[in-house]
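These figures come from a predicted structure and were not determined experimentally.
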Amino acid sequence: MNPLLSKLATLMGDEYRKLKGVRKQASFLMRELGAMRAALEKLELMDVLDPLAKNWRDHVREMSYDMENCIDDFMRQFGGSDAKAGLAKKTAQRLKTLRERHRIAEQMEELKALALEANERRMRYKIDDCVDSGSSVVPVDPRISAIYKEAAGLVGIDGPREELVSWLIDTEKKLKVVSIVGFGGLGKTTLARQVYNKIGGQFERKAFVSVSQRPDMTSLLCGLQLKLGMDESSHIREVQDIIDRLREHLKHKRYLIVVDDLWDQSAWNIISCAFPEDGNGSRVIVTTRLGDVAFRVCLHNHECLKILKKCGGLPLAIITIASLLASRQARSRSEWESIRDSLSAKFATKPTLEEMRSILNLSYMHLPLYLRACFLYLGMYPEDRKISKVDLVRQWVAEGFVSNLHGSSLEDAAKSYFHELINRGMIQPEDTICGEVFSCSIHDMMLDLILSKCGEDNFIRVAYDYKDMAQRDGCNYRVRRLSMKLSAGSATSGTIATSLTQIRSFAWFGESKYTPPLSEFKYLRVLLFEFPDYREMVVDLTAAGQLFQLRQLIWIAERHKNIPSDIVMLHRLSHLILPRDTGLPNGIGNMKSLRTLRCYCMGKSSLDDIEGLGELTNLRELTLTKSYKFDMVKAGVEALVSSIAKLCDLKFLYLACNLQHYVDLLDSISDPPLRMENLRLGGWPFYKVPKWIGDLHCLHRLSLCVERLRTDGVHVLGQLPSLVYLSLKVLCIPQDSAVIICTGSFPVLECLALRSRDDDAMACMGFEAGAMPKLRRLVLGVHDRWCGGSAMPVGMVHLLSLEQIHVDNMSSVHDDCDVESAFRNAAQVHPRCPPVTIY
């Protein structure tokens, strides 16, 4: 409902001050809907809803979608007049606008009536009483069974258990706290119980306590007393008094305490007060789903075991599924395939997996409301898919899920949402460079939960073939988001047997020869096509220019019909990713709302459109490459350099569309975008390091290709105050002088990748003491002219933070074993003996 309230607030702004009737209706709706939103938010915090409350919630949700669509129609009609039109045309437009205003006024009255009816139903059905009463039934904690699993029945837990035991039974005498962190169902409780059982006999006092989401601290601490063998004093009920008794009881004793399922830092602040530090070798194990809680618990020389990384799967899930398999008397291949299919995200879940679902559901219910829609949106993607962070957060923004708090941009706020989901263990990081996560994945069990929630809340409809879509068409509510995930077996012609008008996000994955006509999508905000090179595929983009609400268009395919010329009229479009063999659309300079543009065939772009790039002053990300079939002419390259200089707010630039004999054109740029954070110019070779790069003080990541590398050029790069990643490709190294990286240069650089085309770059590179003080990862390329172990970079021992050496063996004459041996010998003399990896 938040996007709707935001648009109602816009209708009350100065832009619509002349439309007093509309502003009055908008004000009324804001008051009514604001009251309903408060009730909806309370309902969202309840795991089990009364049927009347659920029905009312679903009705209000669908009503808010329809209201938002109506307001979008009005805003488009109101802002659609042409200031340059002639008298006759203006008169016709006024008449048309007058009719539209009457129609909108009637619709606003209808919306007002719907809002009144919804609030009346809320009072009549006493929805607020449902919220306040909640459920009187207390369910059994689903983690109970995990505590009592026998070690022989556990899968994949031996490694983490032995590692944790080795940390706990060392000779260190001071109190040690170890955290086990990961999302629900990973086996944290099971692992903690196994360790507790194995080493508990070595301690004078031991206890295993579960905290839960909203703990009663008095009851919890009293329970801890009993488990430690203390007599519970009936007259002591104050938390402070109980803590004093616990501390006195544990004083001068060696104890082992497991604090299971900790959700909140404030709870730990109280519980930890009961653990005295007497230097007796006491140990505390904490399990939690939240990364920030684990970090706080482990602040002072404590340890943190992320079993999300240590265990390849879900131990508790494996136990549950193994029980399912053991209970079936399946014999034939088809029966086993049926069991396999029942476990996939495609067909939701079976009742026998309810225990696993309830554990995962706890993590979902603990999500703040602003994260839930973002989390459920991951259901748009297929299983086992690596999902780009940048694309995902922009889809959240396009859908209206993100609020810009504290003055940050919507995209920056969305990135913080993404990071919070990772910290909570709801999604798993994939591509990570220098601590920054660029993509994520989601476990199949978690995706299963997402799709179940999406079905309950009519959030996303997923179909795997046209027949499947037809079967789901009997739903009580309109489809709002649709994801078609077509496998090769389902790639047949057909039509979607449902209304597409109300769809806000549409994703198409697969190999179908048919795609729906875009003219049927009226309120589409996100459009994603992703399919392989399919020669006979029919994709009609003719109506794309009519998708007036479209914010993001992503196209991942090799073959398609031409991009329609009127796509440049989409004034709300913020992110445009073009097909591989498509040039810039004609009139690209009119798309001034664009913040992201990726074009992979600049050789097909006209000179006027290349010049038009300079008009896109809202651009934050620009990716331009050229196909090997279509080169750019010199005039086009000159126009491109001129346009880039005009994009003052650009933060990301990737260029790979230069010809070798135009190599110096970008070097002469006099006014570069000073807010640049990520600059990738590996496909645009320079004679030397351009001096203007030294002015980019916000630059975090840089990929550069230079003809000749000299010390003065390295000095320019070494003064960049924010640079954490540098990839440097050198075409030629002067043999007469070494390149020296001086003391104090590259103050925050964490990763350096150095490669050369033919020459041995490493033989001419040297590091002074104090250079690159934070460098953790060094990537070096080896070619045929590599001179062996004698050609290592001079002064590598001065890289005191170095943790990893990666060697890219591109040679046809040097064996991997020989290369690895030479680098391992060089690493042995380094103070940290960093490991060497060949790839």
Side-chain angles (χ1 to χ4, degrees), residues 1-12 25-74 104 106-135 364-365 367-377 379 396 399-403 452-461 475-482 499 501-505 523 525 549:
M1 187 175 284
N2 287 338
L4 171 59
L5 292 174
S6 176
K7 289 180 180 179
L8 287 171
T10 301
L11 285 181
M12 296 175 62
Q25 300 283 37
S27 176
F28 173 83
L29 287 174
M30 281 196 70
R31 291 193 300 272
E32 291 292 304
L33 295 174
M36 283 188 273
R37 179 177 66 173
L40 285 172
E41 290 179 347
K42 291 181 180 179
L43 290 175
E44 286 297 321
L45 296 176
M46 300 176 63
D47 194 14
V48 179
L49 287 180
D50 177 273
L52 284 177
K54 184 178 186 304
N55 179 272
W56 180 82
R57 181 203 66 180
D58 294 346
H59 172 77
V60 172
R61 179 194 63 223
E62 299 301 312
M63 180 190 70
S64 67
Y65 282 137
D66 294 336
M67 285 183 172
E68 188 178 354
N69 291 341
C70 178
I71 292 172
D72 285 338
D73 285 341
F74 170 73
I104 294 294
E106 292 174 357
Q107 288 185 334
M108 293 290 281
E109 283 292 339
E110 293 176 3
L111 298 182
K112 178 180 177 181
L114 288 174
L116 285 171
E117 180 189 356
N119 247 343
E120 288 171 1
R121 289 181 65 199
R122 173 187 164 202
M123 302 300 180
R124 187 165 65 251
Y125 297 152
K126 299 181 180 180
I127 300 298
D128 292 344
D129 292 345
C130 297
V131 171
D132 295 334
S133 63
S135 174
Y364 174 77
M365 293 305 297
L367 285 177
L369 295 181
Y370 63 84
L371 284 182
R372 292 193 183 182
C374 298
F375 178 64
L376 293 182
Y377 196 84
W396 292 344
E399 276 274 8
F401 298 155
V402 183
S403 300
S452 175
K453 293 288 184 183
C454 287
E456 292 173 7
D457 298 343
N458 192 36
F459 190 79
I460 292 173
R461 186 82 60 83
C475 179
N476 294 330
Y477 300 110
R478 295 172 174 175
V479 179
R480 303 295 177 173
R481 298 169 188 88
L482 177 60
S499 172
T501 304
Q502 307 296 323
I503 290 178
R504 305 159 72 89
S505 285
Y523 299 107
R525 287 152 170 77
Q549 296 298 329

Shortest non-hydrogen contact from Ala373 toward Phe459: O-CZ, 3.5 Å

Over all atoms of both residues, closest heavy-atom pair of Val479 and Ile503: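 Reported closest heavy-atom pair: O-CG1, 3.6 Å.
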
Side chain to side chain donor-acceptor pair (under 3.5 Å) against Arg37, all qualifying residues, sequence neighbours excluded: Asn2

For Glu68, all residues meeting side chain to side chain donor-acceptor pair (under 3.5 Å), sequence neighbours excluded: Lys7, Arg504, Arg525

Taking side chain to side chain contact (heavy atoms under 4.5 Å, CB included) as the test, write out the residues that go with [X], two or more places apart.
X	answer
Ser6	none
Arg61	Arg57, Asp58, Tyr65, Asp457, Asn458, Tyr477
Met63	Leu33, Met36, Val60, Met67, Leu114, Ala118

Expected output: side-chain Trp396 to main-chain Cys374 donor-acceptor under 3.5 Å: yes

Arg461 side chain vs Cys454 backbone, donor-acceptor pair below 3.5 Å: no

For Arg480, all residues meeting salt bridge (charged side-chain N to carboxylate O under 4.0 Å, His left out), sequence neighbours excluded: Glu62, Asp66

Derivation of the side-chain contact (heavy atoms from CB on, under 4.5 Å) call for Glu399 and Arg481: CA-CA 10 Å; Glu399 276 274 8; Arg481 298 169 188 88; 2.9 Å; yes

